[in-house]
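Worksheet: the structure to be examined is printed underneath.
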2 protein chains.
Amino acid sequence: MDKQKKILESALQLFVEYGFHGTPTSKIASNAGVAAGTLFHYFKTKDELVINLYNRIKGELNTYVYSQIDNNDTVEAKFRTLFNHTLYWALKNNQEFYFIQQFHFSPHLASIPPDELVNQAKPHIELFEQAVREGILKPLPADLLLTLVGSHVYGLHQYLAKAGFDKKRESEVIDQAFEMIWDMITI
Amino acid sequence: MDKQKKILESALQLFVEYGFHGTPTSKIASNAGVAAGTLFHYFKTKDELVINLYNRIKGELNTYVYSQIDNNDTVEAKFRTLFNHTLYWALKNNQEFYFIQQFHFSPHLASIPPDELVNQAKPHIELFEQAVREGILKPLPADLLLTLVGSHVYGLHQYLAKAGFDKKRESEVIDQAFEMIWDMITI
DNA sequence: TTTTTGATTGACTGCTCACTCAACAAATTT
DNA sequence: AAATTTGTTGAGTGAGCAGTCAATCAAAAA
């Protein structure tokens with residue numbers, strides 16, 4: 001019913017399948033069951049639609065993942081929760097997660113203000129810094145640790161998305177992968 | 001002098017900066033110091049140019065990296081050589097390495113026959129399988145190991161490319177990162 | 001009820017772009 | 001030297017696309 005939402009859903013699906021420039025706005029609109037002009041009522045330009053979609057998805061992932069964290073948890077429990085729920089979300093929202101990466105390897109990334117990207121990463125960075133101070137993690141730069149753990153998550157998601165295991169096998173692999181990366185970054 | 005090469009160089013540079021669809025063939029040609037029509041003498045379509053560029057770059061990386069391997073080396077030495085030289089190549093050929101990832105997150109990937117992708121990965125997969133058989137690596141599927149190590153390399157490259165350290169600091173980080181991933185995948 | 005405001009439509013426009021082609025130039029073959 | 005093949009040019013073509021807009025519709029405000 002909500003046409004803006006329909007447009008966003010339609011755009012996501014088509015962008016992931018055909019790429020940003022491989023999907024005309026007319027197709028996004030018709031696929032959403034909406035006239036071509038309606039798209040431009042909600043989004044001034046196609047670029048604005050792309051960026052809006054990215055910000056929404058990034059926001060959904062972040063709020064979901066951080067809603068799972070209990071501040072009374074130990075640092076290790078926090079990392080485990082973050083890791084597990086990021087993967088859980090990514091596997092449940094394959095298109096969204098793929099879109100994030102697609103966006104990161106596109107020129108659109110340049111239109112996100114750098115300080116906003118820093119802000120997005122801030123909670124993660126602070127967790128890493130705290131864990132380094134507490135002597136839990138190896139004394140490495142927090143942004144290096146974040147990049148390495150992030151890559152690990154991306155790679156694991158890619159593997160699991162392609163493999164298509166059942167839930168049981170999936171969480172076995174995730175648990176094993178967490179132990180591996182945890183061993184890697186802890187002292 | 002070689003116009004085909006000029007076109008490929010120009011295309012790489014512009015694709016990395018503006019994306020595939022953000023760079024018109026006319027710009028590729030003029031940037032290469034060549035008339036618009038000349039591009040189509042060497043490449044039937046723009047898509048063919050993109051795919052040709054991808055295959056060349058992938059080929060260059062593979063031949064370079066495997067030329068560094070000595071078959072008398074131990075498995076660990078082979079892994080270390082592979083790891084170090086992939087990163088060395090990636091840092092020396094930033095645009096090329098970025099292009100590979102950009103290509104992987106584009107619809108162009110679909111036009112590479114799946115068996116060719118399997119072939120590209122074959123030498124790596126065989127190394128991993130051998131190392132698992134010899135009891136050096138953890139008994140995990142070779143394609144999972146490859147994906148995880150691959151992600152590690154991508155992440156590390158991304159970090160180093162952004163950080164812009166000098167050669168000394170760079171190889172310190174690379175060595176440290178190798179120890180970390182090696183500890184992670186070995187028994 | 002009447003007015004105003006906002007939502008929706010789709011034909012239309014102007015522009016960009018991939019690709020063509022006829023003409024010319026250079027190199028290679030006979 | 002003539003003939004043939006191969007390389008190069010850039011104006012031109014047609015298709016596709018982002019974004020516009022005048023008209024219609026819906027619903028809330030006056």
Side-chain angles (χ1 to χ4, degrees), chain A residues 1-57 95 99 102-112, chain B residues 1-57 95 99 102-112:
Chain A
M1 267 300 94
D2 182 349
K3 303 206 171 182
Q4 195 183 14
K5 211 164 197 173
K6 284 259 172 150
I7 291 167
L8 287 162
E9 278 170 15
S10 164
L12 171 63
Q13 186 204 317
L14 293 168
F15 285 158
V16 166
E17 187 161 359
Y18 305 107
F20 297 120
H21 294 269
T23 56
T25 53
S26 56
K27 217 179 206 167
I28 297 172
S30 68
N31 191 56
V34 150
T38 305
L39 190 151
F40 294 95
H41 174 71
Y42 291 103
F43 307 98
K44 264 195 278 295
T45 63
K46 189 183 179 182
D47 277 7
E48 193 188 299
L49 167 60
V50 172
I51 289 164
N52 188 298
L53 185 57
Y54 172 76
N55 285 330
R56 272 165 201 267
I57 290 176
Q95 287 189 332
F99 177 83
Q102 190 184 17
F103 186 92
H104 282 153
F105 282 104
S106 83
H108 289 289
L109 182 61
S111 44
I112 305 285
Chain B
M1 269 297 97
D2 182 350
K3 301 205 171 180
Q4 195 183 13
K5 209 163 200 172
K6 284 260 171 144
I7 291 168
L8 287 161
E9 277 171 16
S10 164
L12 172 62
Q13 186 204 318
L14 293 168
F15 286 157
V16 166
E17 187 162 1
Y18 305 107
F20 296 121
H21 294 269
T23 57
T25 53
S26 56
K27 217 179 208 166
I28 296 172
S30 69
N31 191 56
V34 151
T38 305
L39 190 152
F40 293 94
H41 174 72
Y42 290 103
F43 306 98
K44 264 195 277 294
T45 65
K46 189 184 179 182
D47 277 7
E48 193 188 300
L49 167 61
V50 173
I51 290 165
N52 189 298
L53 184 57
Y54 172 75
N55 285 329
R56 270 164 202 268
I57 290 176
Q95 287 189 330
F99 177 84
Q102 189 183 17
F103 185 92
H104 282 152
F105 283 104
S106 83
H108 290 288
L109 182 61
S111 43
I112 305 286

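Every chain is numbered from 1 and lettered A, B, ... according to where its sequence line falls, protein lines coming before strand lines.
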- prompt: So what does B:Thr23 hit on the nucleic acid, given a heavy-atom distance under 4.0 Å: a base, only sugar-phosphate, or nothing?
  reply: sugar-phosphate
query: Is the closest side-chain heavy-atom distance between B:Asn31 and B:Thr23 below 4.5 Å?
result: no
message: I need the CD1-P distance between A:Ile28 and D:dC17, as an integer number of Å.
response: 11 Å
- request: Check every strand shown and say whether A:Phe43 touches a base, only sugar-phosphate, or nothing at a heavy-atom separation below 4.0 Å.
  value: nothing
- request: Establish, with yes or no, whether the OP1 or OP2 oxygen of D:dT8 is under 4.0 angstrom from a side-chain nitrogen or oxygen of B:Lys3.
  value: yes
message: Rounded to whole Å, please give me the gap between CD in A:Gln4 and C1' in C:dA7.
response: 12 Å
statement: Atom NZ of B:Lys46 and atom P of C:dT20 are separated, to the nearest Å, by 15 Å
4.5 Å side-chain heavy-atom contact, A:Ile28 and A:Ile7: yes
message: Checking contacts here: which listed nucleotide (C:dT9, D:dT9, C:dA18) is nearest the side-chain heavy atoms of B:Pro24?
response: C:dA18
- request: Kindly assign one of parallel, tilted or perpendicular to the pair B:His104 and B:Tyr54, based on the angle between their ring planes and the thresholds 30° and 60°.
  value: perpendicular
- prompt: Just to confirm, is there a sub-4.0 Å distance from OP1 or OP2 of D:dT8 to any side-chain nitrogen or oxygen of B:Tyr42?
  reply: yes
query: Side chain of B:Phe40: nearest nucleotide among D:dG10, C:dT9, C:dT20?
result: C:dT20
- prompt: Please give, in whole Å, the distance from C:dC17 P to B:Leu49 CG?
  reply: 16 Å
field: Phosphate-side-chain proximity, B:His41 and D:dG7, N/O vs OP1/OP2 below 4.0 Å
entry: yes
Interatomic distance, B:Lys27 NZ vs C:dA18 P [rounded to whole Å]: 11 Å
task: Select base, sugar-phosphate, or nothing to describe what A:Lys44 touches, counting heavy atoms under 4.0 Å on all strands.
output: nothing
message: Nearest 0.5 Å, please: how far is NZ in B:Lys46 from CD1 in B:Ile51?
response: 12.5 Å
task: Report yes if a side-chain nitrogen or oxygen of B:Ser26 is closer than 4.0 Å to either non-bridging phosphate oxygen (OP1 or OP2) of C:dC17; otherwise report no.
output: no
query: Given D:dA18, is OP1 or OP2 found less than 4.0 Å from the side-chain N or O atoms of A:Thr25?
result: yes
- line: In whole angstroms, the gap separating P of C:dC15 from NE2 of B:His21 amounts to 23 Å
A:Leu39 CG - C:dG10 P separation (whole Å): 14 Å
- request: Can you establish whether the number of heavy atoms outside B:Tyr18 located under 6.0 Å from its atom OH is more than 12?
  value: no
- request: Write down the distance between CZ (B:Phe20) and P (C:dC17), rounded to a whole number of angstrom.
  value: 17 Å
